[in-house]
Structure formats: structure tokens, C-alpha cells
Amino acid sequence: MPTGVQKIRTTCCIAGGGPAGMMLGFLLARAGVNVIVLEKHRDFFRDFRGDTIHPSTLEIMNELGLLDRFLKLPHQELRVVGGRFEDATFMAADFSHLPVKCKFIALMPQWDFLSFLAQEARRYPAFQLKMECEAKELIREGDRIVGARAAAPEGDLEILADLVVAADGRHSDLRLASKLEVMDFGAPIDVIWMRISKRPGDPAQTLGYLRAGQGLVLLDRGEYWQCGFIIPKGMNDAIRSEGLESLRKRMSQVAPFLEGRLAELKDWEEIKLLSVQVNRLKKWFLPGFLCIGDAAHAMSPAGGVGINLAIQDAVAAANILAAPLRAATLTDGDLHSVQKRRELPTRLTQRMQIGIQNTVFKRVIGKPRGEGKVPVFVKLFARLPFLRRIPARLIGMGFRPEHIHTPEVLSQ
């Protein structure tokens with residue numbers, strides 16, 4: 001039975017056990033900083049989350065000495081990113097030229113990635129992970145954030161901390177409570193996600209299929225395809241009202257090889273909506289409080305870079321904040337340094353995504369079926385293979401890849 005409010009003291013409290021929160025918690029604990037990560041769910045098993053581990057993230061795992069163990073987990077390796085527009089097949093990115101150890105994107109269920117980070121983090125006595133514990137409110141003393149209130153099965157918690165980090169996603173309760181200003185840049189699309197079985201003879205991994213009026217993303221999960229059907233913004237209710245058979249027909253028009261198995265979609269409960277957002281905080285911090293990952297900047301799924309940008313935020317935050325947190329000398333200037341370090345790559349990535357949305361998705365998804373023309377970029381990638389290195393660099397590494405600078409402190 002739930003009891004009264006329990007008070008806990010730590011150095012850093014992180015709301016959200018996603019990629020940003022788990023990586024930051026792991027790195028801070030590894031550096032000897034007492035940290036508590038709060039995850040509102042009972043486990044990490046959430047379908048239709050981003051499953052792409054990009055070369056920049058794999059390089060971080062290598063720098064941490066974890067790469068060999070990590071790659072023993074079941075995964076697929078995507079060494080090129082291709083697509084199909086109408087009847088034209090093209091290759092958009094070739095990772096073979098990247099200056100990293102792993103020249104591929106690892107396709108891995110996000111729950112495996114998060115469970116791996118949690119397992120590694122528990123090796124350090126400074127780390128605590130509280131599952132089924134949802135951060136709901138900020139605790140203030142004057143103009144400073146000094147902790148967070150959370151709800152847990154055993155009762156409410158008050159976690160007092162030198163720093164509270166919101167890494168609880170684009171719908172962050174703590175970001176909302178902070179009243180930090182959000183700049184919204186809009187998005188012309190949404191995505192509905194579902195599973196479709198794989199069969200022998202299916203084509204090799206081709207990330208995107210575009211046909212006038214419709215688009216489909218396919219991620220190889222080994223035994224099945226994770227499918228993202230791209231729809232115009234706000235059209236989910238209309239598509240549902242047309243019925244499942246209409247959706248099956250639409251999908252078979254985009255990727256005909258799926259036609260014989262789309263009857264597997266038997267209920268709308270098997271289909272989940274991702275409402276696409278592109279936004280960014282004007283200011284990422286308050287005294288004693290910092291937002292990172294989607295809580296600081298919601299990303300479009302274009303390029304699949306959101307998870308990896310969040311991880312880069314976490315690495316940068318650990319590099320900058322571990323020493324002052326351990327020495328109890330944290331200042332607003334330290335928090336500003338995190339934003340200053342990560343804001344430019346975030347701006348540039350969002351600008352790139354908005355460009356993709358407006359020049360590809362908006363033109364294709366917004367047109368009547370059957371009226372699409374092969375875009376110029378498809379022809380250029382086919383004729384000039386060296387151009388594929390540019391999106392490979394932007395997708396695989398990002399605009400400012402981070403590296404591990406925090407020490408490992410084995411005892412405190």
C-alpha cells in the first residue's frame with residue numbers, strides 16, 4: 001500500500017529512462033556522481049520506438065570499451081541507406097567512408113539498448129534506477145530548482161538534488177512545469193507504425209518507399225518489418241474512418257511485395273500513431289534544472305537521428321557537468337555551456353529535417369496518387385555516387401559528434 005512522502009537526497013536526479021536519460025545517468029555514475037534515474041514504466045519494452053543506433057553512438061560505445069559486448073546483442077547492420085521513388089531505386093547514403101570503427105547503422109530494439117545501458121550502469125555504486133516512478137513536479141526554493149516530486153507504487157517521492165535533468169521526452173511534465181519557452185516549427189506529416197512479417201525472398205533493406213501521395217519506411221527487425229506509413233499531418237482519424245482494408249490497399253500500392261501478408265493487420269490496436277513535432281526550447285535551463293534530448297528539442301523522424309542527437313546531448317552534458325557536480329560547484333554557467341555546446345548541431349539538424357519535410361515529404365505526401373515526378377536528388381545520387389557521402393556523414397555522425405571525456409571512478 002502507498003505510504004507518505006519519502007524524501008531522498010542525491011546529486012543529480014534524471015527524469016526519463018530513455019536514451020538521453022540512461023546514457024547521462026550511466027556516464028555520471030561512471031564518473032563518481034550520485035545519480036537517480038526515474039523511469040515511469042515498469043520495463044523498457046515499448047514497441048515502435050526508434051531502433052537505429054548510428055555510427056556516432058557506436059563510436060561512443062567503443063570509447064567506453066563496451067562495443068564488443070554491445071554488438072553481441074541481436075541486431076542488423078545497415079551499411080547503405082536506399083529508397084525507391086515510383087519505379088526508380090536509389091542509394092542516398094553510403095557509410096563505408098566514415099572515419100569510425102563501425103561503418104553502419106545498427107538496427108536494434110530500443111529496449112535492448114536501454115537494458116544494456118542499465119546493466120552497465122548498475123556496476124557503479126553511484127547509480128540508482130527507479131522503475132514505475134514518474135517525475136511530475138519540480139521543487140523550488142526561490143528561483144532555484146532543488147528537486148523533483150515523483151509518483152511510485154510505494155508512495156510519492158521527493159528527490160532533492162543539486163541538479164534535476166528533464167530527459168522525459170517531447171511531452172515532458174518537467175519541461176511543462178518549468179515554463180521554459182518552446183519554439184514550434186511545425187511538421188507536415190505524421191507516421192503510423194505497425195509490424196508486418198518478413199518472408200524469404202523479401203528485398204534487402206530499403207529504408208524508404210515513396211509513391212505520389214504515400215510513403216512507407218521499413219526497418220528490418222530480423223523476423224519482421226517495422227513499418228512506418230507516412231500520412232499528411234492530422235489525417236489519422238480520416239484514415240481510420242476509411243477502414244483497415246483501405247490502409248492495406250494503400251500500403252500494397254507503395255510496397256507491392258507486402259500485399260500477401262497485410263491481412264496480418266487485424267485491429268487498429270496493433271497500429272500506433274507518432275504525431276511528428278519539430279520544436280526547440282529557447283532556453284534549455286533554469287538554476288538547478290536542465291532539459292536534454294526530446295525534452296529540449298523534438299525531432300522529426302527524417303533521417304532517424306533523434307535518438308542519436310539525444311545521446312550526443314547526454315555525452316556533452318556529462319563531459320561538462322560531471323566535475324562541478326562531483327565538487328558541488330555547479331553554476332548556471334555550466335548549464336549554459338551544455339546548451340551552447342549542443343544548440344548549434346540541434347539547429348542545423350532541425351533545419352536539415354525541415355528541408356527534407358518541405359522538399360520531399362510535403363511534395364510527395366501532399367499530392368494526389370499517381371502524379372509524382374522523380375525528384376532531382378534521386379537522379380543526382382544515381383549519377384554521382386560521391387554525393388552519397390554527404391548524407392552519410394550527416395545521418396551517421398551529425399554536425400558535432402561528441403566523445404567521452406569523463407573519467408571512470410571505480411570507488412568513492
Side-chain angles (χ1 to χ4, degrees), residues 18 40-41 45-52 83-85 109-110 168-173 176 182 184-197 207-219 221 224-256 258-259 261-280 294-295 297-307 350 353-354 356-372:
K40 68 180 180 180
H41 295 103
F45 191 87
R46 223 78 58 236
D47 215 342
F48 310 125
R49 299 174 82 166
D51 297 328
T52 54
R84 190 171 182 87
F85 190 95
Q110 192 179 115
D168 48 345
R170 63 188 62 201
H171 303 296
S172 169
D173 286 333
L176 183 63
V182 180
D184 193 346
F185 305 109
I189 60 167
D190 289 326
V191 183
I192 49 178
W193 289 100
M194 66 215 78
R195 293 186 182 195
I196 299 293
S197 64
L207 194 60
Y209 290 78
L210 293 171
R211 194 177 292 270
Q214 300 166 113
L216 185 67
V217 174
L218 295 178
L219 297 177
R221 279 279 196 87
Y224 62 91
W225 295 107
Q226 180 171 310
C227 304
F229 190 67
I230 305 169
I231 62 174
K233 188 68 166 176
M235 288 296 293
N236 184 57
D237 288 345
I239 287 173
R240 282 178 173 252
S241 69
E242 293 176 1
L244 274 174
E245 185 54 38
S246 175
L247 176 62
R248 296 185 194 108
K249 183 177 179 181
R250 285 171 176 261
M251 292 178 64
S252 66
Q253 290 171 340
V254 186
L258 294 176
E259 185 172 7
R261 70 202 81 167
L262 290 172
E264 296 168 8
L265 297 174
K266 299 182 183 299
D267 194 292
W268 287 105
E269 290 300 315
E270 302 168 354
I271 301 168
K272 306 299 180 184
L273 172 69
L274 170 64
S275 180
V276 175
Q277 302 176 29
V278 182
N279 62 47
R280 184 174 69 247
D294 275 3
H297 46 75
M299 311 300 291
S300 161
V305 298
I307 297 170
Q350 289 184 325
Q353 291 188 320
I354 291 168
I356 293 172
Q357 287 182 169
N358 292 337
T359 60
V360 180
F361 293 140
K362 193 172 182 179
R363 291 184 183 182
V364 173
I365 304 304
K367 282 189 174 183
R369 282 170 270 177
E371 295 185 8

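Note that the coordinates shown come from a computational prediction; the quantities given were computed from them, not determined experimentally. All heavy atoms count here, side chains included; hydrogens, waters and symmetry mates do not.
Residues passing the side chain to side chain contact (heavy atoms under 4.5 Å, CB included) test with D237: none are found, sequence neighbours excluded. Residues satisfying the salt bridge (Lys or Arg N to Asp or Glu O under 4.0 Å) test with D168, not counting sequence neighbours, are none. The salt bridge (Lys or Arg N to Asp or Glu O under 4.0 Å) search around K233 returns D190, not counting sequence neighbours. Listed by chain and residue number, I196, S197, R261 satisfy the side chain to side chain contact (heavy atoms under 4.5 Å, CB included) test with E264 (two or more places apart in sequence, or in another chain). By the salt bridge (Lys or Arg N to Asp or Glu O under 4.0 Å) test, R280 is found to be paired with no residue, residues two or more places apart in sequence or in another chain being considered. For E245, the salt bridge (Lys or Arg N to Asp or Glu O under 4.0 Å) test picks out R248, with sequence neighbours left out.
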Apply side chain to side chain contact (heavy atoms under 4.5 Å, CB included) to the pair L247 and E242, showing each step before the final yes or no. CA-CA 8 Å; L247 176 62; E242 293 176 1; over 6 Å; no
Side chain to side chain contact (heavy atoms under 4.5 Å, CB included) for I239 and W268? Distances and angles first, verdict last. CA-CA 11 Å; I239 287 173; W268 287 105; 4.2 Å; yes
Check against side chain to side chain contact (heavy atoms under 4.5 Å, CB included), Q214 and Y209: CA-CA 8 Å; Q214 300 166 113; Y209 290 78; over 6 Å; no
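The two atoms that bring G215 and L210 nearest to each other are CA-CD2, 3.9 Å, heavy atoms only. Of all heavy-atom pairs between I271 and L244, the closest is CD1-CD2, 3.6 Å. Considering all non-hydrogen atoms of both residues, M251 and L265 come closest at SD-CD1, 4.1 Å. Heavy-atom minimum distance, P301 versus V191: CG-CG2, 4.1 Å. When all heavy atoms are compared, the tightest approach of L218 to C227 is CD2-SG, 3.3 Å. Nearest heavy atoms, A298 versus Q350: O-NE2, 3.2 Å.
Going from atom NE2 of H171 over to atom CG of D294 covers 9.0 Å, rounded to the nearest 0.5 Å. Between the OG atom of S241 and the CE atom of M235 there is a distance of 8.0 Å, given to the nearest 0.5 Å. Interatomic distance, CG of L219 versus OG1 of T52, reported as 7.5 Å (0.5 Å rounding). Atoms CG and OG, from N236 and S275 in turn, are 9.0 Å apart once rounded to the nearest 0.5 Å. Annotation: the span from L274 atom CG to I192 atom CD1 amounts to 11.0 Å, rounded to 0.5 Å. In this structure, CG on N279 lies 10.0 Å from NE2 on H297, to the nearest 0.5 angstrom.
With hydrogens and angles disregarded, a donor-acceptor distance shorter than 3.5 Å links the side chain of Q353 to the backbone of S300. Checking side-chain atoms of R170 against main-chain N and O of V276 turns up no donor-acceptor pair under 3.5 Å.
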